[in-house]
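Worth knowing before you read on, the calculation uses all heavy atoms, side chains too, and leaves out hydrogens, waters and symmetry mates. All chains are named by letter (A, B, ...) in the order of the sequence lines, taking the proteins before the strands, and each is independently numbered beginning at 1.
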There are 2 protein chains.
Amino acid sequence: MDIDKVFKALADPGRRRLLDMLHHENGQTVTALCEHMDMTRQAVTQHLQQLEGANLVAVIWQGREKLHYLNPVPLHEIYERWIGKFERNRLRALHDFKKKLEGDDHDKA
Amino acid sequence: MDIDKVFKALADPGRRRLLDMLHHENGQTVTALCEHMDMTRQAVTQHLQQLEGANLVAVIWQGREKLHYLNPVPLHEIYERWIGKFERNRLRALHDFKKKLEGDDHDKA
DNA sequence: ATTATATGCAAGTATTTACTTGCATGTCAA
DNA sequence: TTGACATGCAAGTAAATACTTGCATATAAT
């Protein structure tokens, strides 16, 4: 799994918006998703392709319609491999930080 | 809190690497961080500034040295406001998705 | 004082990314 | 089978991002 693609995909507000829309209603077509996006269909398509490439969205063809489904697994990966790791040390880091500040203010006092 | 800046900051592998380094050893100087980065000091500085802008890194000046400290709070925010939301519906979404697939395979059979 | 070290500022280039426009293809419905 | 609808493909433009180079400033060490 290419976590870089996931981060890159999430970096754009438009793409996050698309994920939100699918979160609100799963299995939407390109055209449906376009209605709330202030850009051409092509632009939206390209964003959706990136989301697909990052495996955040899966697609099912239904006749001439392309239905988009959210795949939350990569988000989970990001949490596991990235956020959790830092979270675990959250309090410790904050502690270190404050200690440093205090050390500066009254050094050896 | 500007969550877009956080996502943008995380979108670059170099910046994620810097966060990793600080996670490994907190409070490093620019120069120290540069040693493991295959680019000029200026480039690293600019990345660090973006991390600072996203509030992922805090800085303390110590004489001529600039010490960088990790701030995991924005990561937590991302989890809270983004990942968790999707996680909660993870199983449900997967369920919907499979049902859709099945429905296509043997429609009304 | 002089030199070395740690960093900043700013302009310029190169690469990447976002978005558009125009046309092509395939599916559905009358 | 014709017309409307859903989407794809591809080339081009505009804007954002990553990175560099050259010089300036401040702190520390000798």
Side-chain angles (χ1 to χ4, degrees), chain A residues 2-22 25-54 56-69 100 103-104 107-108, chain B residues 2-22 25-54 56-69 100 103-104 107-108:
Chain A
D2 189 352
I3 209 154
D4 188 57
K5 280 188 185 169
V6 182
F7 275 116
K8 288 248 162 71
L10 292 172
D12 184 89
R15 286 193 289 271
R16 292 198 300 276
R17 189 120 177 281
L18 287 167
L19 292 180
D20 266 334
M21 286 185 226
L22 292 178
E25 187 188 336
N26 217 0
Q28 297 190 62
T29 64
V30 181
T31 312
L33 291 165
C34 279
E35 300 205 344
H36 309 277
M37 299 289 287
D38 197 20
M39 58 183 80
T40 64
R41 176 177 56 84
Q42 300 305 335
V44 174
T45 298
Q46 282 163 24
H47 283 307
L48 287 170
Q49 281 167 348
Q50 252 187 278
L51 290 170
E52 232 184 299
L56 281 160
V57 161
V59 153
I60 300 179
W61 277 94
Q62 190 107 23
R64 67 180 165 182
E65 288 185 331
K66 190 183 190 181
L67 306 181
H68 294 81
Y69 288 85
K100 191 81 203 173
D104 290 347
D107 206 27
K108 281 181 180 170
Chain B
D2 188 352
I3 208 154
D4 188 57
K5 279 189 187 169
V6 182
F7 275 116
K8 288 249 163 70
L10 292 172
D12 184 89
R15 286 193 288 271
R16 291 198 301 276
R17 189 119 178 282
L18 286 167
L19 292 180
D20 266 334
M21 286 185 227
L22 292 178
E25 187 188 337
N26 217 359
Q28 297 189 60
T29 64
V30 181
T31 312
L33 290 165
C34 278
E35 302 205 344
H36 308 278
M37 299 290 286
D38 196 20
M39 58 183 81
T40 64
R41 175 177 57 84
Q42 300 305 336
V44 173
T45 298
Q46 282 163 24
H47 283 307
L48 287 170
Q49 281 168 349
Q50 253 188 277
L51 291 170
E52 233 184 299
L56 282 160
V57 161
V59 153
I60 300 178
W61 277 95
Q62 190 107 23
R64 66 180 165 181
E65 288 185 332
K66 191 184 190 182
L67 306 180
H68 294 81
Y69 287 86
K100 192 82 201 169
D104 290 346
D107 206 28
K108 280 182 180 169

Polar side-chain contact B/Q62-D/dT27 base: donor and acceptor under 3.5 Å:
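Side chain to base: no pair below 3.5 Å.
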
Rounded to whole Å, how long is the line connecting atom [atom1] of [X] with atom [atom2] of [N]?
X     : N      : atom1 : atom2 : answer
B/K5  : D/dA16 : NZ    : C1'   : 15 Å
B/L67 : C/dT7  : CG    : C1'   : 12 Å
B/K8  : D/dA15 : NZ    : C1'   : 12 Å
A/W61 : D/dG8  : CH2   : P     : 4 Å
A/Q50 : C/dT17 : CD    : P     : 7 Å
A/I60 : D/dT7  : CD1   : P     : 14 Å
A/D4  : C/dT17 : CG    : C1'   : 14 Å
B/R41 : C/dT7  : CZ    : C1'   : 6 Å

Answer yes or no: does a side-chain N or O of [X] lie under 4.0 Å from OP1 or OP2 of [N]?
X     : N      : value
A/H47 : C/dT17 : no
B/T31 : C/dT7  : yes
B/T29 : C/dA6  : no

Given that A/R64 and A/Q49 both sit by DNA chain D, which one's nearest nucleotide is further toward the 5' end?
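Taking each residue's closest nucleotide, the earlier one in sequence belongs to A/R64.
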
Could you check whether B/E52 pairs with B/K66 (Lys NZ or Arg NE/NH1/NH2 to Asp/Glu carboxylate O, under 4.0 Å)?
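The answer is yes: the pair qualifies as a salt bridge.
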
Does a side-chain N-to-carboxylate-O contact under 4.0 Å join A/K8 and A/D4?
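Looking at A/K8 and A/D4, the cut-off is met.
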
Side-chain contact, heavy-atom cut-off 4.5 Å: B/L67 with B/Q28?
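No - every pair of side-chain heavy atoms lies 4.5 Å or more apart.
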
Are A/V6 and A/L10 close enough that some pair of their side-chain heavy atoms sits under 4.5 Å apart?
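Yes, close enough: below the 4.5 Å cut-off.
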
Residue whose closest nucleotide on DNA chain C lies nearer the 5' end, A/T40 versus B/K66:
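That would be B/K66.
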
